[in-house]
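Everything on this sheet refers to the single structure shown next.
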Amino acid sequence: MESYKMQSQRNPGTPDFTASDLPPEAVRHYLLKPRQVAATVGSAKEAAEWMREQWEAATPKVTHRDPENRQQYAERVLSLGREDVWSWWFPEPGNPTKVYLAVVPCPFHWPDDPEPMPCPQPF
């Protein structure tokens with residue numbers, strides 16, 4: 001029940017949204033939270049490579065059986081203008097690990113949005 005009390009922090013248009021460290025409800029809304037953006041890149045290929053680098057640096061060795069295939073999939077999805085998320089929960093006793101990586105192409109246009117979401121400024 002506690003999570004419902006914080007739901008306003010996950011939705012744009014609420015006062016708590018931009019200041020909150022909670023992930024947005026929709027992946028595309030990361031574009032509205034520039035302080036949670038870890039990198040900006042110029043192409044789907046670079047974005048997929050960045051995801052794999054971050055993934056391999058943070059995850060246990062028992063994750064995707066074929067990371068090359070996963071990276072190729074990410075590049076394809078991103079090149080079509082869609083977001084991609086890699087998530088892994090590894091409940092190792094004493095050292096649980098959660099990795100969550102999201103990439104959103106920008107400007108991003110979702111059919112229900114009145115206007116495309118702009119890109120955050122590059123670092």
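Values reported hereafter were calculated over all heavy atoms of this structure, with side chains retained and with hydrogens, waters and symmetry mates removed. Positions are given from 1, in the same order as the sequence printed here.
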- line: Result for side-chain hydrogen bond (donor to acceptor under 3.5 Å, both in side chains) between Q71 and one of E53, R52, R76 points to R52

field: Any pair counted as disulfide (SG to SG under 2.5 Å), so long as it reaches residues 77-106, sequence neighbours left out
entry: C106-C119

Gap separating the CG atom of L22 from the CD atom of Q9, nearest 0.5 angstrom: 5.0 Å

- request: Could you tell me the separation between the NE2 atom of H29 and the CZ atom of F17, rounded to the nearest 0.5 Å?
  value: 6.5 Å

task: Might you confirm whether atom CD of E115 has over 12 heavy atoms from other residues, nucleotides or ligands at distances under 6.0 Å?
output: no

query: Going hydrophobic residue to hydrophobic residue with side-chain gaps under 4.5 angstrom, can you get from W86 over to Y73?
result: no

- request: Locate the shortest heavy-atom distance separating K33 from T18; write the atom from each residue and the value.
  value: CE-O, 4.4 Å

Closest non-hydrogen atom pair between G81 and P105, with its separation: C-CG, 3.6 Å

- request: Determine whether M6 and S20 make a side-chain contact, defined as any pair of heavy atoms from C-beta on separated by less than 4.5 Å.
  value: no

- prompt: Transitively linked via ILVMFWY side-chain contacts under 4.5 Å: L32 with V104?
  reply: yes

- prompt: Does atom OH of Y100 have more than 12 heavy-atom neighbours, drawn from other residues, nucleotides or ligands, at distances under 6.0 Å?
  reply: yes

query: Are Y30 and E83 side-chain neighbours, meaning at least one heavy-atom pair lies under 4.5 Å?
result: no

message: For the CD atom of Q54 and the CD atom of E49, what is their distance to the nearest 0.5 Å?
response: 12.5 Å

message: Looking at D21 and R35, is there a salt bridge between them, counting it only when a charged N and a carboxylate O are closer than 4.0 Å?
response: yes

query: Within a strict 4.5 Å, meaning less than it, do heavy atoms of the R70 and D84 side chains meet?
result: yes

- prompt: So, for V85 and A102, which heavy atoms are closest and what is the spacing to 0.1 Å?
  reply: CG2-CB, 4.1 Å

- request: Please answer: with hydrophobic residues joined when any side-chain heavy atoms are less than 4.5 Å apart, are V77 and V27 in the same cluster?
  value: no

- line: On a heavy-atom basis, the closest approach of S79 and A44 is N-CB, 3.5 Å

- request: Answer yes or no: is there a side-chain heavy-atom contact under 4.5 Å between L78 and V103?
  value: yes

query: Between E25 and N11, what is the shortest heavy-atom contact and its length?
result: OE1-OD1, 2.9 Å

message: Using a 6.0 Å cut-off, check whether atom NZ of K45 has over 12 heavy atoms from anything other than its own residue.
response: no

